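Hydrogens, waters and symmetry mates play no part in the numbers below; they use all other heavy atoms, side chains included. Keep in mind that this is a model prediction, so the values were computed, not measured. Residue numbers start from 1 in every chain, and the chains themselves are labelled A, B, ... in the order their sequence lines are given, proteins ahead of strands.
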Number of protein chains: 2
Amino acid sequence: MSLLDRIAVLHDWNPNAYRPFRIDGVQVGRITDTGAGLLAGFPDVFRITAAAVDLHPGLGDLDTRSAAVHDVIVQLAERGDVRQPRGETYGISEGWNAPTRLRLDRGLVPLFGVKSYGVHVNGFVRGPDGLKMWIGRRAPDKRVAPGKLDHMVAGGLAHGYAVDETVVKEAAEEADVPEALARRAKPVGALTYVTELEQGLRDDTLFLFDLELPADFAPRNTDGELTGFALWTLDDVMARVRETDDFKFNVAPVLIDFFLRHGLLDPDREPDYLSIVRRLHAGP
Amino acid sequence: MSLLDRIAVLHDWNPNAYRPFRIDGVQVGRITDTGAGLLAGFPDVFRITAAAVDLHPGLGDLDTRSAAVHDVIVQLAERGDVRQPRGETYGISEGWNAPTRLRLDRGLVPLFGVKSYGVHVNGFVRGPDGLKMWIGRRAPDKRVAPGKLDHMVAGGLAHGYAVDETVVKEAAEEADVPEALARRAKPVGALTYVTELEQGLRDDTLFLFDLELPADFAPRNTDGELTGFALWTLDDVMARVRETDDFKFNVAPVLIDFFLRHGLLDPDREPDYLSIVRRLHAGP
């Protein structure tokens with residue numbers, strides 16, 4: 001096991017297994033044959049060919065098309081073909097800053113292989129004996145990665161929320177961080193990954209933040225998504241990332257980026273140093 | 001002008017203009033038609049076909065082949081076809097950590113399009129009113145980028161030197177940094193770029209360091225490569241990077257990486273944020 005093993009998951013997909021999902025003729029996602037098969041029963045909403053799945057051009061405005069797609073999802077979920085909607089929507093488009101072409105329930109994002117965005121916050125404390133980091137444990141009933149180790153604060157960008165607003169909202173919900181403290185989180189980069197999940201494709205971009213916390217702050221989960229927190233030494237975090245897959249798959253790479261940025265990996269002593277740097281940021 | 005303009009230079013080359021340069025049958029570089037033409041006069045040292053330039057397989061060991069290539073370079077330089085050797089050699093191989101297949105004068109690295117490695121050190125001071133950075137000005141007689149703005153410390157990895165040794169050596173030569181202080185420099189990542197120069201291709205990897213300096217330290221150049229230093233606010237550094245190309249071409253991207261890592265760019269307010277992150281680290 002090595003740090004590179006933790007990064008491999010970032011680019012783990014087979015492009016040949018997908019056809020484009022297009023809205024207004026613009027590709028916004030990727031759909032498997034199985035996914036296209038599920039949508040084929042709704043010809044008023046999706047036009048399906050061997051080459052692509054198109055949102056029906058008759059569904060003109062954002063509200064109309066979002067409602068029509070949601071209706072399809074509800075019917076598929078009732079039949080047990082897809083998971084129940086989660087009740088939170090993401091804005092779908094071809095890229096960051098491009099206008100939203102569809103609002104889609106976040107639980108169905110992998111089925112359409114559309115781009116999603118989130119924030120991950122490294123909550124750390126600077127002490128006399130080096131850095132420590134607050135590590136959370138995910139609740140056993142989470143859909144994704146139940147029981148895995150996690151960042152103090154992480155969450156998806158819901159439709160209409162800015163990046164900094166999402167940090168403040170998630171910090172309050174997940175770790176009871178007061179807004180004034182959450183606003184001290186510093187943006188330190190981003191990480192994009194594309195990986196195959198059971199339900200389809202995850203094409204996700206994480207905005208990364210470092211939040212230096214006072215020694216007397218202790219996070220407390222308020223939304224039931226985490227079962228608790230502990231303050232780890234960075235040595236312990238790094239050993240666990242290296243030797244196990246106990247951290248959620250998309251948390252480990254963010255931690256490796258933290259190790260890099262904070263001088264915890266040494267180019268003379270880490271043989272994979274350059275490969276780690278390159279593959280953290282390699283395109284899909 | 002934008003930060004993205006400063007990054008474009010990192011991947012500015014036409015793959016079709018080069019043929020592989022191979023040693024022991026392994027590609028270690030890329031040579032233009034012009035370069036191949038210059039080497040064609042030395043059939044005992046180079047075997048040249050339309051498909052590749054090979055180091056002659058009869059040149060068995062490292063010393064023999066390095067001496068033979070150096071002899072070619074000296075002859076070409078005497079004719080004025082290439083620049084005079086600089087008297088410092090780089091270790092040439094197919095990748096970081098791969099055994100050296102050839103020692104080559106650093107001035108001829110672009111002719112062969114081989115990989116080179118260096119260190120760039122952001123020398124900064126943390127003050128009550130934010131970060132400041134020591135900025136150097138390159139001497140007017142430098143071969144590369146004369147008179148441009150530069151890092152406090154930067155230099156190439158000579159054959160046989162480790163990354164941390166290079167930081168200490170260059171810090172002493174370029175900025176009179178005592179060894180104990182130079183050893184506090186923290187490795188914070190790497191940046192690889194491939195760009196076309198007049199003499200060929202530069203395929204360079206920079207190991208990046210942050211060195212936090214005490215307020216009472218002032219750098220002093222000792223090797224004549226820089227004409228002086230000044231302590232700049234980060235706002236001034238960023239404005240100059242955005243609005244001008246006053247910084248040496250491979251310094252500006254390292255500064256942009258510094259801005260990212262230190263929270264000086266805001267994903268909600270910098271429209272190019274994700275493009276900057278991706279293209280800083282995009283492959284060749």
Side-chain angles (χ1 to χ4, degrees), chain A residues 11 95-98 115 117-119 121-122 131 157 161-168 183-193 204-212 256-284, chain B residues 11 95-98 115 117-119 121-122 131 157 161-168 183-193 204-212 256-284:
Chain A
H11 314 290
W96 182 243
N97 284 337
K115 291 179 192 299
Y117 301 89
V119 300
V121 181
N122 299 294
L131 301 182
L157 237 71
Y161 280 84
V163 177
D164 57 3
E165 290 169 347
T166 303
V167 168
V168 169
R183 289 207 179 272
R184 283 196 227 156
K186 284 196 310 188
V188 290
L191 213 151
T192 295
Y193 65 93
D204 204 18
T205 294
L206 307 179
F207 292 97
L208 311 185
F209 287 79
D210 279 1
L211 176 55
E212 185 172 344
I256 293 170
D257 177 76
F258 184 93
F259 304 155
L260 279 172
R261 288 184 294 101
H262 288 269
L264 302 171
L265 297 177
D266 180 339
D268 287 315
R269 282 152 201 93
E270 177 72 46
D272 296 330
Y273 193 87
L274 288 180
S275 302
I276 290 168
V277 172
R278 285 177 194 147
R279 288 168 61 180
L280 265 181
H281 293 284
Chain B
H11 314 290
W96 183 243
N97 284 336
K115 292 180 192 297
Y117 302 89
V119 301
V121 181
N122 301 294
L131 301 181
L157 236 71
Y161 280 83
V163 177
D164 56 4
E165 290 168 349
T166 304
V167 169
V168 169
R183 289 207 179 272
R184 282 195 228 157
K186 285 196 311 188
V188 291
L191 212 150
T192 294
Y193 65 93
D204 204 17
T205 294
L206 308 178
F207 293 96
L208 311 185
F209 286 79
D210 279 3
L211 175 54
E212 186 172 343
I256 294 170
D257 176 76
F258 184 93
F259 305 155
L260 278 172
R261 289 184 294 101
H262 287 270
L264 302 171
L265 297 177
D266 179 339
D268 287 314
R269 282 153 200 92
E270 177 71 46
D272 295 330
Y273 193 87
L274 288 181
S275 303
I276 290 168
V277 172
R278 283 177 195 149
R279 288 168 61 179
L280 265 182
H281 292 285

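Salt bridge annotation for A:K186-B:D266: absent, with no cationic side-chain nitrogen under 4.0 angstrom from a carboxylate oxygen. Salt bridge annotation for B:R261-A:D257: absent, with no cationic side-chain nitrogen under 4.0 angstrom from a carboxylate oxygen.
Only the side chain of A:Y273 comes within contact range of chain B, with at least one heavy atom under 4.5 Å from a heavy atom of that chain. For a residue to count as touching a neighbouring chain, one of its non-hydrogen atoms must lie under 4.5 Å from one of that chain's; by this rule A:L265 touches chain B with the backbone only. A:R269 touches chain B through its side chain: at least one heavy atom from C-beta onward sits under 4.5 Å away, while N, CA, C and O do not. For A:T205, the part sitting under 4.5 Å from any heavy atom of chain B is the side chain, from C-beta outward, and nothing else. Looking at A:N97, only its side chain comes within 4.5 Å of chain B, counting heavy atoms on both sides.
The minimum heavy-atom distance between A:V163 and B:P267, with the atom names listed, is CG1-CG, 4.0 Å.
If you tally non-hydrogen atom pairs under 4.5 Å between each of B:S275, B:A190, B:G95 and chain A, the highest count goes to B:A190.
Under a 3.5 Å cut-off, the side chain of A:D268 and the backbone N or O of B:A162 do not form any donor-acceptor pair.
When the shell of 6.0 Å around OH of A:Y193 is examined, it contains more than 12 heavy atoms from other residues, nucleotides or ligands.
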Set out, in order, the CA-CA distance, both residues' side-chain angles and the distance that settles side-chain contact (heavy atoms from CB on, under 4.5 Å) for B:L274 and A:Y117, then state yes or no. CA-CA 11 Å; B:L274 288 181; A:Y117 301 89; 4.0 Å; yes
